[in-house]
**Q** 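Quick one: structure below, then a few questions.
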Number of protein chains: 2
Amino acid sequence: MNSCSNSRITGCQFTLFPMSDDFIDLILSTLNEVDTSSVWKKTDDVSTCIRGKMVQVFDVTKAIFLHAAKSGEHIAMTGTFSIGCPGDSDADAYMNAPDEPVNMKNCLPISQLAGCKIAIYPLGNKQYMDAIYNQIDLAKSKGIEVSPDHYATRLDGDVKDIFHAMHDAFNNVQQEVSHVTMTFTISANSPSTKRVDTHG
Amino acid sequence: MNSCSNSRITGCQFTLFPMSDDFIDLILSTLNEVDTSSVWKKTDDVSTCIRGKMVQVFDVTKAIFLHAAKSGEHIAMTGTFSIGCPGDSDADAYMNAPDEPVNMKNCLPISQLAGCKIAIYPLGNKQYMDAIYNQIDLAKSKGIEVSPDHYATRLDGDVKDIFHAMHDAFNNVQQEVSHVTMTFTISANSPSTKRVDTHG
C-alpha cells in the first residue's frame with residue numbers, strides 16, 4: 001500500500017445545489033471565481049468529478065462551496081471523496097499540480113457558517129469501525145461542534161474549519177486503509193438554521 | 001449475520017434539492033402528498049433521516065423524489081442508504097409497518113425520466129469489489145441505461161425503474177455482507193439533460 005497522499009489520485013464526485021431560480025447563473029459565476037486548473041474536471045447534468053492531488057481536491061471543493069454561499073442564497077453541496085479504489089486508473093488526474101492550495105487567497109476574505117454531515121467508509125478492512133471512531137474524536141479538536149447522527153457525524157462551524165476537519169479525517173484514514181471514501185452534505189444560509197445559529 | 005431484510009433496520013439520510021426560489025413550498029407540498037407514516041423520520045436543516053423496513057425506506061424516498069419532480073422544476077436528491085452498522089441501535093425505526101409499499105398507488109400515475117449516480121460500499125469485507133461488480137451487471141437488465149463513471153455507476157431511465165434497481169442492488173449485497181451503504185444522487189428536469197433526453 002502506498003499511503004503518500006502526493007502520489008495517490010484523490011477524487012470527488014460532487015454537486016452544488018443553489019435553492020434559487022438563478023441556479024444556473026450562481027453556478028457559472030461561482031466557477032468563474034474558483035481556480036480549477038489544479039484538478040482534472042468533468043461535469044454532466046448530475047454531478048462534477050474532479051481528480052488530482054488530495055490538497056487540490058479539497059481546496060477546489062471548499063472554494064466552490066464558499067464562493068457560492070457568499071451569495072447569501074440557500075446553498076448546499078454534496079459529494080463523495082475517494083482514494084485508492086482498486087478499479088481506478090492512473091488517467092484523468094493532474095498530479096503535477098503545485099502542493100499549495102491554489103484557492104487559499106481568494107477564499108481568505110470569506111467567512112461563512114454551515115452545517116455538514118459526513119460519513120467515512122474505509123473499505124476492505126475488518127477493523128474499519130475503529131478508524132471511523134478515531135476520526136470522530138479528532139474532529140472535536142478542530143474548533144467545530146461535533147454531534148452524532150444516524151449513519152453520519154454532524155459538523156457545525158466555519159466552512160474552512162469544516163473542510164479542514166474533513167481533509168484531516170480523510171487523510172488520516174487513507175494512511176491506514178488503502179481504499180477510503182467519505183460522503184458529505186454541507187448546507188449554508190438555510191431558512192431553518194436553528195443548529196448553525198447557535199454559533200452566531 | 002441476519003440477512004432477512006424484514007427484521008433488519010434500513011435507513012436513509014437524504015436531502016431534496018429544488019433549484020427554485022419556491023424550494024420551501026415545493027418541499028412542503030411534496031411531503032403533504034407522500035405517506036411517511038411507515039418510517040421513523042427526523043429532519044434538520046441539513047438532511048432528513050428515515051428508518052424502518054427496507055421496502056418502506058425505498059418507497060418513501062422514491063415517492064418524495066417523484067412528487068417533487070412532477071412540479072417540472074429542476075429537482076435533485078442525494079442520500080445514503082444504510083443497513084447493519086455495528087454502531088447502530090434498535091431504536092428509532094417502525095418495524096411493524098406493512099410489507100406493501102404504502103406510496104405505490106400515489107406514485108403510479110407519475111412518469112418521470114432522471115439521471116442517477118450510485119456507489120455501493122460493502123464494509124468490513126475483503127471481497128467487497130466482487131459484490132460491487134456483480135450489482136453493476138445486474139442493473140443492466142432492469143430497463144435502464146447503465147454507464148460507468150469515476151467512483152460511481154450512472155443509471156438513466158424512469159425514476160421508478162432506477163429506484164427498483166437501487167433497491168435490488170442494495171438488497172442483494174446486504175444478503176452477503178452485513179454492513180452495506182449505498183450513495184445516490186438523482187436529478188430530473190435539468191436544463192442540461194443531454195444524457196436523459198436520449199430516452200425521450
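Reminder, nothing fancy here: chain letters follow the sequence lines and each chain counts from 1.
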**Q** Please name the pair of heavy atoms, one in B/Asp45 and one in A/Ser187, separated by the smallest distance, quoted to 0.1 Å.
**A**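 Where B/Asp45 meets A/Ser187 most closely, the heavy atoms are O-OG, 3.6 Å.
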**Q** Kindly work out whether a path of hydrophobic side-chain contacts (I/L/V/M/F/W/Y, heavy atoms less than 4.5 Å apart) joins A/Val177 to A/Ile83.
**A**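 Linked within one cluster.
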**Q** Can you give me the closest heavy-atom contact between A/His179 and B/Tyr128, atom names plus distance?
**A**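 Heavy atoms only, the tightest pair is ND1-OH, 2.6 Å.
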**Q** Starting at NZ of B/Lys117, measure out to OG1 of A/Thr15 and round the result to the nearest 0.5 Å.
**A**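 Going from the NZ atom of B/Lys117 to the OG1 atom of A/Thr15 covers 7.5 Å.
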**Q** Any idea which of A/Asp88, A/Asp92, A/Thr181 has the most non-hydrogen atom pairs under 4.5 angstrom with chain B?
**A**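 Greatest number of close heavy-atom pairs with chain B: A/Thr181.
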**Q** Do the side chains of B/Val102 and B/Phe163 join up, straight or via other hydrophobic residues, at under 4.5 Å, putting them in one cluster?
**A**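 Shared cluster, no.
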**Q** Tell me, side chain or backbone of A/Leu26 under 4.5 Å from chain B's heavy atoms, or both, or neither?
**A**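 No part of A/Leu26 comes within 4.5 Å of chain B.
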**Q** Side chain, backbone, both or neither: which part of A/Thr78 has a non-hydrogen atom closer than 4.5 Å to chain B?
**A**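 Looking at A/Thr78, just its side chain touches chain B.
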**Q** Looking at B/Val46 and A/Cys116, what are the two nearest heavy atoms and their distance?
**A**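 Heavy-atom minimum between the residues: CG2-N, 4.2 Å.
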**Q** Find the one option among B/Lys126, B/Gln127, B/Met19 whose heavy-atom pairs under 4.5 Å with chain A are most numerous.
**A**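 With the most close heavy-atom pairs to chain A, the winner is B/Met19.
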**Q** Going from OG1 on A/Thr185 to CD on B/Gln13, what distance comes out if it is rounded to the nearest 0.5 angstrom?
**A**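 These two atoms lie 8.0 Å from each other.
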**Q** Answer with side chain, backbone, both or neither: which region of A/Thr80 has an atom nearer than 4.5 Å to a non-hydrogen atom of chain B?
**A**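 Side chain only.
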**Q** Drop me the distance from A/Ser47's OG to B/His150's NE2, to the nearest 0.5 angstrom.
**A**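 NE2 of B/His150 is found 11.5 Å from OG of A/Ser47.
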**Q** When you measure from the side chain of B/Tyr151 to the backbone N and O of A/Gly11, does any donor-acceptor pair fall under 3.5 Å?
**A**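 Judged by distance alone, yes, a pair lies under 3.5 Å.
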**Q** According to a 4.5 Å side-chain heavy-atom criterion applied to Ile, Leu, Val, Met, Phe, Trp and Tyr, with indirect links allowed, do A/Ile75 and A/Val34 form part of one hydrophobic cluster?
**A**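 Same cluster.
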**Q** Kindly work out whether a path of hydrophobic side-chain contacts (I/L/V/M/F/W/Y, heavy atoms less than 4.5 Å apart) joins A/Phe81 to A/Tyr94.
**A**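 Shared cluster, no.
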**Q** For a quick test of reading the model, state the closest non-hydrogen atom pair linking B/Pro191 to A/Ile24 and the distance between them.
**A**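 So the minimum-distance heavy-atom pair works out to CG-CD1, 3.8 Å.
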**Q** Where does A/Phe17 contact chain B at under 4.5 Å (heavy atoms): side chain, backbone, both or neither?
**A**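 Contact with chain B involves both backbone and side-chain atoms of A/Phe17.
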**Q** Using a cut-off of under 4.5 Å for heavy-atom pairs, which of A/Gly79, A/Cys85, A/Pro86, A/Gly87 has the most such pairs with chain B?
**A**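 Winner by heavy-atom pair count: A/Pro86.
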**Q** Please answer: with hydrophobic residues joined when any side-chain heavy atoms are less than 4.5 Å apart, are A/Trp40 and A/Ile64 in the same cluster?
**A**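 No, separate clusters.
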**Q** Let me know if A/Ser82 has heavy atoms under 4.5 Å from chain B in its side chain, its backbone, both or neither.
**A**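 Both backbone and side chain of A/Ser82 come within 4.5 Å of chain B.
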**Q** What part of A/Asn125 gets within 4.5 angstrom of chain B, counting heavy atoms only: side chain, backbone, both, or neither?
**A**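 Contact with chain B is through the backbone of A/Asn125 alone.
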**Q** With only heavy atoms counted, which part of A/Met129 is less than 4.5 Å from chain B, the side chain, the backbone, both or neither?
**A**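 Just its side chain gets close to chain B.
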